[in-house]
Amino acid sequence: MKKNEKALVIIFGGTGDLAQRKLYPSIFQLYKKGYLKENFAVIGTARRPWTDEYYREVVKDSIDGMYDEQNVATEFASHFYYQSHNVTDTNHYKTLQALAQSLDEKYQIEGNRLFYLAMSPRFFGTICDHLKSQQIMTETGYNRVIVEKPFGRDLASATELNDEISKSFPEEDVFRIDHYLGKEMVQNIAALRFGNSIFNSMWNNRYISNIQVTLSEALGVEERAGYYETAGALRDMIQNHVLQIVALLTMSAPVSFTDTDIRNAKINALKCLKIYSPEEVKENFVRGQYGPGNGLLGYREEAQTAEDSMTETFVAGKLMVNTMDMAGVPIYVRTGKRMKTKATRIDVVFKQVPNNVFEDSDLRHDVLTINVDPEPSLSLQLNSKTIGQGFDFDTHHLNLDYKLSPEQRAAVPEAYEKLILDAMQGRASNFAHWKELQCSWKFVDAIRQAWDQNVDQVAFPNYDCASMGPKASDDLLAKDGNHWEFNC
């Protein structure tokens with residue numbers, strides 16, 4: 001892979017939590033590994049009246065423990081510059097343009113600019129307008145913009161936001177980040193499906209009984225309660241992370257492994273998502289809110305939440321993707337706060353043999369398990385004969401554990417590190433295309449609208465902290481004769 005990228009990264013929201021926890025450490029890893037050397041610079045912008053010197057100390061603090069020699073951190077931080085900036089003030093963009101031009105010349109960056117909008121989406125349009133009108137975008141290199149979620153709160157607001165950005169940046173230069181797409185085992189889905197004959201030939205409704213996707217979090221809403229009250233688990237997790245994983249699990253094989261063909265395959269899968277009527281939402285989706293339990297506060301007792309809040313902290317649902325290969329295969333998804341454990345896990349449950357010749361034996365389903373977090377691994381559950389006399393059966397697992405040494409673990413790229421490099425190199429397949437968002441918002445809006453009509457008459461809270469969610473989540477699968485493979 002090409003190294004020594006030439007890029008000027010301008011981070012709007014450079015003093016924020018995301019920048020300090022994720023962006024600066026990720027950029028440092030790219031520097032340590034040689035993807036960034038001398039020909040890069042970073043401008044951090046925000047309202048705070050910081051100096052370059054103070055900003056560089058903040059950057060060094062954010063990478064504390066990631067280097068052995070102090071001079072490495074000092075040299076890295078010397079590439080960082082700060083500008084106090086009001087995103088609505090045109091004069092501030094003139095100053096930014098002058099600084100960007102001087103750094104371009106100093107570091108011989110050749111006009112390559114990556115704009116990272118780590119701010120509230122309400123500023124995206126204003127920033128993009130000024131980047132174009134004040135000629136901060138160059139004509140000699142690339143101009144790409146990375147935007148964080150939430151990308152709208154429904155289809156209408158997402159469309160408005162997209163229209164604002166597209167006035168300045170064409171679709172191919174817009175990188176809508178979803179950090180789950182940067183996770184090693186999520187990216188491994190395509191390798192498993194299309195790189196192995198055994199799975200490639202069986203990944204269809206003739207062999208798959210159901211697919212289960214779990215994104216559980218042990219923590220509550222923490223300091224995000226103010227945001228969460230206006231979002232909820234459906235918008236915060238299902239619309240983006242969960243549906244992106246579903247698209248990778250259900251898309252048809254791309255014509256080639258290029259950005260365009262991969263995105264087209266994902267878009268086609270999401271287009272085939274069955275959009276439910278209000279009554280179908282009642283039958284196929286469950287929402288929950290955690291109450292007090294196991295010594296922990298319930299959601300309504302958290303700071304910045306309403307005493308009678310109806311915001312869901314848990315969602316489980318049955319999705320149907322009506323492609324030729326996947327029609328009839330239920331895709332069960334669930335995500336929640338304050339669950340028993342933190343984990344991201346995918347279970348592909350295969351159908352049992354059509355004719356069980358072992359009439360007295362209770363054969364279980366073969367199950368392919370993809371553990372994304374916290375420890376990446378693969379497992380294939382199979383039926384096999386027990387050792388000894390007779391012909392009894394038991395289940396055994398073929399396991400692939402990525403047991404990494406500390407040195408190997410340190411070399412594994414973090415999701416943001418992968419995605420920032422992808423954006424620098426113009427690889428878009430691990431980012432969400434606007435057409436993908438259109439499909440996902442249409443699907444989610446139908447559920448949200450049904451819930452707003454209170455068609456399910458749910459009473460909150462309905463699950464305890466440190467549980468696996470409300471009983472209705474288990475009942476959802478039981479109606480089909482299925483059960484959650486992952487129950488801790």
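These numbers come from the heavy atoms of this one structure, side chains and all, not from hydrogens, waters or symmetry mates. Keep in mind that this is a model prediction, so the values were computed, not measured.
For the pair R193 and F199, the NZ or CZ position fails the cation-pi test of under 6.0 Å to the six-membered ring centre and within 45 degrees of the ring normal. Remark: K183 qualifies as a cation-pi partner of Y180 under the 6.0 Å distance and 45° angle criteria applied to the six-membered ring.
For the ring-ring contact (aromatic ring centres under 6.0 Å, His included) test, residues two or more places apart in sequence or in another chain that qualify with Y31 are F40, F76.
A salt bridge does not link K149 to D178: none of the charged nitrogens lies less than 4.0 Å from a carboxylate oxygen. Salt-bridge annotation for E436 and K266: present, with a side-chain N of the basic residue lying under 4.0 Å from a carboxylate O of the acidic one. Note on K22 versus E148: no salt bridge recorded, every NZ/NE/NH1/NH2 to OD/OE distance being 4.0 Å or above. Salt bridge status for E217 with K337: present, with a side-chain N to carboxylate O gap under 4.0 Å. The pair R224-D236 counts as a salt bridge, with a side-chain nitrogen and a carboxylate oxygen less than 4.0 angstrom apart. Contact check on R345 versus D373 returns no salt bridge, with no Lys/Arg side-chain nitrogen under 4.0 Å from an Asp/Glu carboxylate oxygen. With respect to K274 and E280, a salt bridge is recorded, a charged nitrogen being found less than 4.0 Å from a carboxylate O. Salt-bridge formation is detected for the pair R448/D452: a Lys NZ or Arg NE/NH1/NH2 atom is positioned less than 4.0 Å from an Asp or Glu carboxylate oxygen.
Residues Y207 and F350 place their aromatic rings such that the two centres sit no closer than 6.0 Å. Taking the six-membered ring for Trp, F314 and Y290 have ring centres at least 6.0 Å apart. F123 and F12 have their aromatic ring centers separated by at least 6.0 angstrom.
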